[in-house]
Amino acid sequence: MNLHKMKSVITNSLKELFLWITPLFITFYAPAKFAIFTILILMIVDTHTGIKASKKENKKITSNRFSDFFAKMLGYSIFITVGLFLNTEFDMPYIVWISAFVPVYLEIFSIDENQKRVGKKGIIKQFENAYNFAKNIKSNRDKLR
């Protein structure tokens with residue numbers, strides 16, 4: 001068998017394998033699509049706020065900082081995968097969100113730190129202020145009744 005034919009056979013085999021495995025991954029991770037999307041959005045916001053904080057502190061931004069994004073994504077996918085396995089094996093409907101709590105908390109805490117580095121209040125303080133505002137409106141509404 002010549003080299004060109006061997007390359008062609010390997011390429012076709014890899015294409016078939018990809019077409020066979022991709023739907024399996026999509027089917028397995030489909031129940032966690034909202035948790036994955038939430039974590040991904042928080043990671044993007046964290047990266048953005050981290051870049052803003054680094055620019056304010058005049059720190060050099062290198063490409064290896066962006067590789068941290070993919071390392072975090074891989075690490076966070078372990079939490080989602082464990083949650084999906086538990087959901088599949090033990091039929092625990094909210095376990096995916098419970099397992100996604102750790103990555104969500106870590107990202108919110110990181111965004112909070114980045115905002116404080118820029119000189120803002122921080123996202124956690126903003127959540128507290130919004131909660132207190134809503135609580136105040138509710139108590140005022142209850143007094144009017």
Side-chain angles (χ1 to χ4, degrees), residues 6-145:
M6 194 150 87
K7 275 178 138 178
S8 176
V9 168
I10 290 172
T11 303
N12 287 337
S13 297
L14 288 174
K15 285 179 185 177
E16 287 179 27
L17 183 65
F18 178 77
L19 291 174
W20 186 75
I21 289 178
T22 303
L24 295 175
F25 276 106
I26 291 172
T27 304
F28 179 73
Y29 284 102
K33 64 183 171 255
F34 295 115
I36 293 169
F37 184 70
T38 301
I39 293 169
L40 189 61
I41 291 296
L42 287 171
M43 286 176 63
I44 291 169
V45 170
D46 178 38
T47 302
H48 176 71
T49 57
I51 290 171
K52 284 175 69 175
S54 293
K55 283 182 179 178
K56 183 171 187 205
E57 296 170 347
N58 292 324
K59 289 185 179 176
K60 186 176 180 181
I61 300 169
T62 59
S63 62
N64 66 349
R65 298 286 297 160
F66 286 111
S67 68
D68 291 347
F69 182 85
F70 297 107
K72 280 197 316 188
M73 193 168 23
L74 180 65
Y76 292 163
S77 69
I78 292 170
F79 286 96
I80 298 297
T81 304
V82 167
L84 285 168
F85 276 127
L86 290 173
N87 182 30
T88 303
E89 190 63 32
F90 300 110
D91 195 27
M92 303 168 122
Y94 297 106
I95 195 68
V96 173
W97 280 104
I98 293 169
S99 65
F101 177 76
V102 172
V104 167
Y105 174 77
L106 291 173
E107 287 302 310
I108 288 174
F109 192 74
S110 180
I111 292 167
D112 186 63
E113 287 178 341
N114 290 335
Q115 284 187 326
K116 288 178 182 175
R117 284 173 46 202
V118 172
K120 295 183 179 179
K121 279 194 257 187
I123 194 169
I124 295 173
K125 187 67 175 171
Q126 290 174 357
F127 283 145
E128 287 176 12
N129 290 345
Y131 172 75
N132 289 334
F133 179 74
K135 189 174 155 184
N136 189 19
I137 289 175
K138 184 183 179 313
S139 69
N140 286 340
R141 187 193 68 184
D142 290 344
K143 287 177 187 176
L144 292 175
R145 287 184 178 184

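The residues of the chain are indexed from 1 along the displayed sequence.
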Could you tell me which non-hydrogen atom of [X] sits nearest to which non-hydrogen atom of [Y], and how far apart they are?
X      : Y      : result
Ala32  : Val96  : CB-CG1, 3.6 Å
Ile111 : Leu42  : CD1-O, 3.7 Å
Lys121 : Asn129 : NZ-ND2, 2.9 Å
Pro23  : Thr27  : O-OG1, 2.7 Å

Taking the side chain as every heavy atom from C-beta outward, state whether [X] and [Y] have any atom pair closer than 4.5 Å.
X      : Y      : answer
Lys15  : Thr11  : yes
Ile123 : Val45  : no
Ile98  : Met92  : no
Asn132 : Asn136 : no
Asp46  : Phe69  : no
Ile36  : Tyr76  : no
Leu84  : Pro31  : yes
Phe34  : Trp97  : yes

Hey, does the side chain of Thr49 reach the backbone of Gln115 with a donor-acceptor pair shorter than 3.5 angstrom?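 No.
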
Between Asn114 (side chain) and Ser110 (backbone), is there a donor-acceptor pair under 3.5 Å?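 Yes, Asn114 side chain to Ser110 backbone: donor-acceptor pair under 3.5 Å.
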
For Ile44 and His48, run side chain to side chain contact (heavy atoms under 4.5 Å, CB included): C-alpha distance rounded to whole Å, both residues' side-chain angles, the deciding distance at 0.1 Å, then the answer. CA-CA 6 Å; Ile44 291 169; His48 176 71; 5.6 Å; no

Phe85 and Phe90: ring pair (Phe, Tyr, Trp, His ring centres under 6.0 Å), yes or no, with the steps? CA-CA 8 Å; Phe85 276 127; Phe90 300 110; over 10 Å; no

After noting the C-alpha distance and the side-chain angles of Arg117 and Ser54, does the key distance pass the side chain to side chain contact (heavy atoms under 4.5 Å, CB included) rule? CA-CA 9 Å; Arg117 284 173 46 202; Ser54 293; 3.6 Å; yes

Phe109, CZ: over 12 other non-hydrogen atoms inside 6.0 angstrom: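 No, the 6.0 Å shell around CZ holds no more than 12 heavy atoms from other groups.
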
Around atom NZ of Lys72, are there more than 12 heavy atoms of other residues, nucleotides or ligands at under 6.0 Å?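 Result for NZ/Lys72: enclosed.
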
If you round to the nearest 0.5 Å, how far is [atom2] of [Y] from [atom1] of [X]?
X     : Y     : atom1 : atom2 : value
Ile80 : Ile39 : CD1   : CD1   : 4.0 Å
Glu89 : Asn87 : CD    : CG    : 10.5 Å
Ser99 : Leu86 : OG    : CG    : 7.5 Å
Glu16 : Asn12 : CD    : CG    : 6.5 Å
Leu40 : Lys33 : CG    : NZ    : 15.5 Å
Leu17 : Thr22 : CG    : OG1   : 8.5 Å

Tell me yes or no: between the side chains of Tyr29 and Thr81, is some donor less than 3.5 Å from an acceptor?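 Yes.
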
Determine whether Lys120 and Lys52 satisfy the following criterion, side chain to side chain contact (heavy atoms under 4.5 Å, CB included), listing intermediate values before the conclusion. CA-CA 12 Å; Lys120 295 183 179 179; Lys52 284 175 69 175; 4.0 Å; yes

